[in-house]
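A short worksheet on the structure shown next.
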Amino acid sequence: MKKILITFHDAGGGHRNAAVALQAMAKAQNRDWDVELVQFQELTDRLDVLRKVTGIRIQEQYNTLLRNGWTLGSKQLLRVLQWTIQIFHGPLVKLLEGFWKEHPADLLLSVIPHFNREIAESWEKVYPGRPFVTVITDLADFPPRFWIEPAKNQIVIAGTEKAVEQARAFGKDDAHVFGVSGMVLRPEFYAESSVDAAAVKRELGLREGLPTAMVLFGGFGSKVMYEITEKLDAARLPVQLILICGKNEKLAARLKAKKWNIGTAVLGFTKEVHKLMRAADFMIGKPGPGSIAEAMQRGLPVLVECNSWTLPQERFNTEWVKEKKVGVVLKSFEDVVGGVQQMLEPAKLAEFKKNVAAQDNRAIFEIMEILQTLLSKQSAGPNSKRVRDAVEVA
């Protein structure tokens, strides 16, 4: 049995979701792998410089920014974080080396940004020649020092043509970059379902024949969800909302406390997003790669915004939405009423849905095959022509 380590953290929900999805798919396919998840924040806690100063972990500070919408200037904050990581590069590498020695594996996989240089260097020192893979969980890299590193042993798996081009521009050859058809999604998004949309709406207390929008701002919600609901409520549009607040209990309580003119179903953290999306006609939310990918898989066009408050690593996602013609990109959710009105136009919504249906994301299945090939290469040795050929085919 092969051992695989997957490093993730909880800054946002997408990194954990990707790690859990890969672990679950390996089990579902009965792969001869022992897949262990490693929480990177817990592993490196004693070197968390921001925690030493503020008492709050890096990932918790990030989630607080998202929850409150304090994302203006996030590009500058991002560079400060990267500068801090460079200062602690040596101690981080040494810390990681010790962990890898205590937790041997045949392959190491990362679904986090920023730290791949340290991970790659420490892994190569302890297990030279064993694969180190970074699965980019954004639609594109945000160089420098984000996802793709100059480390020669870093293998990159990218879910868009743009990210593949970035990896090649960074010097990655065919043996070190693999393109797949999208973002990693949990297996349940692919499972056949007999879920009836009308039944889900009834369960939520919503009307069966009324257009429905899912409002989703990641696992920690956002206060802008309340503002969106206020604007749509005041406009009295013929729409109802499924509001997923995630772990933001304060937001959920506030939404539930008000009597709205439009239909609303307010939920906290749930693992049933794949089911609830069956009851929606489109999604309103931040342009997170995971949320967009989930919406595409469930046939939902998206209504997102892009402005100075949008996280820099998510701005390309809005370009992708416009390029693929799978939704509406607003300059601000101040204009959400106009955006929803576009979604309520039958012809426009039908066009969006047609374009969404053209997206065929099979990334998690493709990644399983790539990992299998890399493990086979590692077993056979680096000079095996048979395995080199297999990698090229994959």
Side-chain angles (χ1 to χ4, degrees), residues 13-14 17 66-69 185-186 188-189 191 193-288 290-305 327-328 330 333 336-337 339-344 349 352-353 356:
N17 282 344
L66 294 184
R67 190 181 295 114
N68 293 283
L185 294 175
R186 299 196 310 275
E188 53 262 37
F189 277 90
S193 175
S194 58
V195 173
D196 179 63
V200 175
K201 287 183 180 180
R202 288 194 298 270
E203 289 176 18
L204 296 173
L206 300 175
R207 290 169 54 185
E208 293 183 26
L210 196 63
T212 305
M214 172 172 283
V215 185
L216 182 63
F217 280 75
F220 295 88
S222 171
K223 67 177 185 178
V224 75
M225 294 172 64
Y226 191 91
E227 298 163 8
I228 287 171
T229 308
E230 276 191 318
K231 292 182 184 301
L232 296 179
D233 189 69
R236 301 290 184 100
L237 294 183
V239 68
Q240 55 194 352
L241 307 177
I242 302 172
L243 296 138
I244 310 293
C245 299
K247 297 178 181 179
N248 196 330
E249 297 177 2
K250 183 178 179 180
L251 171 65
R254 189 182 177 203
L255 284 164
K256 288 178 180 178
K258 183 164 181 176
K259 185 176 177 60
W260 303 100
N261 295 308
I262 61 174
T264 59
V266 181
L267 295 92
F269 179 77
T270 175
K271 295 182 178 180
E272 300 294 319
V273 171
H274 62 290
K275 173 184 174 182
L276 296 168
M277 280 185 168
R278 297 283 188 188
D281 297 288
F282 59 95
M283 188 193 82
I284 303 172
K286 79 182 189 77
S291 298
I292 291 175
E294 290 173 357
M296 295 298 101
Q297 191 63 26
R298 278 292 180 257
L300 305 183
V302 295
L303 176 60
V304 297
E305 69 171 2
V328 176
L330 302 174
F333 280 123
V336 69
V337 171
V340 170
Q341 286 174 331
Q342 291 186 61
M343 288 294 192
L344 295 179
L349 183 61
F352 284 148
K353 283 184 173 288
V356 169

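Start at 1 with the first residue, then count along the sequence.
A donor-acceptor contact shorter than 3.5 Å is absent between the side chain of W260 and the backbone of E230.
When all heavy atoms of I242 and A279 are compared, the pair lying nearest together is CD1-CB, 4.2 Å. Minimum heavy-atom separation, Q297 to F189: CG-O, 3.4 Å. The shortest non-hydrogen separation linking G263 to L206 is C-CD2, 4.0 Å. Nearest heavy-atom pair across L344 and P211 is CD2-CB, 3.6 Å. The shortest heavy-atom contact between F220 and K247 is CE2-CD, 4.0 Å.
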Would S291 and M283 count as a side-chain contact (heavy atoms from CB on, under 4.5 Å) here? Give the steps.
CA-CA 9 Å; S291 298; M283 188 193 82; 4.0 Å; yes
Test log, rule side-chain contact (heavy atoms from CB on, under 4.5 Å), inputs K353 and F282
CA-CA 9 Å; K353 283 184 173 288; F282 59 95; over 6 Å; no
Apply side-chain contact (heavy atoms from CB on, under 4.5 Å) to residues I228 and F217 and explain how you reach the verdict.
CA-CA 12 Å; I228 287 171; F217 280 75; 3.8 Å; yes
Could you walk me through whether L255 and T229 satisfy the side-chain contact (heavy atoms from CB on, under 4.5 Å) test, starting with their C-alpha distance in whole Å, then the side-chain angles of each, then the deciding distance to 0.1 Å, before giving a yes or no?
CA-CA 9 Å; L255 284 164; T229 308; 3.9 Å; yes
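Looking at S222 and K286, their side chains never come closer than 4.5 Å, going by heavy atoms from C-beta outward. Side-chain atoms of L216 and I284, non-hydrogen and from C-beta on, never get closer than 4.5 Å to each other. L210 places none of its side-chain heavy atoms less than 4.5 Å from the side chain of V239. Contact check for L330 versus L303: side-chain heavy atoms found under the 4.5 Å cut-off. In this structure, M296 and V302 have side chains that are in contact, with non-hydrogen atoms separated by less than 4.5 Å.
Residues satisfying the salt bridge (Lys or Arg N to Asp or Glu O under 4.0 Å) test with K250, not counting sequence neighbours, are none. Residues that satisfy the side-chain hydrogen bond (donor to acceptor under 3.5 Å, both in side chains) test with E227, not counting sequence neighbours, are absent from this structure. Taking R186 as the reference, E188 meet the side-chain hydrogen bond (donor to acceptor under 3.5 Å, both in side chains) condition, with sequence neighbours excluded. With sequence neighbours excluded, the residues that form a salt bridge (Lys or Arg N to Asp or Glu O under 4.0 Å) with K231 are E334. Under the rule for a side-chain hydrogen bond (donor to acceptor under 3.5 Å, both in side chains), Q341 has no partner lying at least two apart in sequence or in another chain. Looking at residues two or more places apart in sequence or on another chain, you find a side chain to side chain contact (heavy atoms under 4.5 Å, CB included) between A235 and L237, V337. With sequence neighbours left out, the ring-ring contact (aromatic ring centres under 6.0 Å, His included) criterion links F352 to no other residue. In terms of the side chain to side chain contact (heavy atoms under 4.5 Å, CB included) criterion, E249 has no residue partners (sequence neighbours excluded). With sequence neighbours left out, the side-chain hydrogen bond (donor to acceptor under 3.5 Å, both in side chains) criterion links D233 to N261.
Applying the side-chain hydrogen bond (donor to acceptor under 3.5 Å, both in side chains) test to pairs two or more places apart or on separate chains, those with a residue in residues 195-217 are K201-T212, R202-E208, T212-Q240.
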N/O donor-acceptor pairs under 3.5 Å from side chains in residues 264-275, not counting sequence neighbours:
residue : atom : partner : partner atom : Å
T270    : OG1  : E272    : N            : 2.9
H274    : ND1  : K271    : O            : 3.4

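Within a 6.0 Å radius of CZ in R278, other residues, nucleotides and ligands contribute more than 12 heavy atoms.
Separating the CE atom in M214 from the CD1 atom in I244 is a distance of 4.5 Å, to the nearest 0.5 Å.
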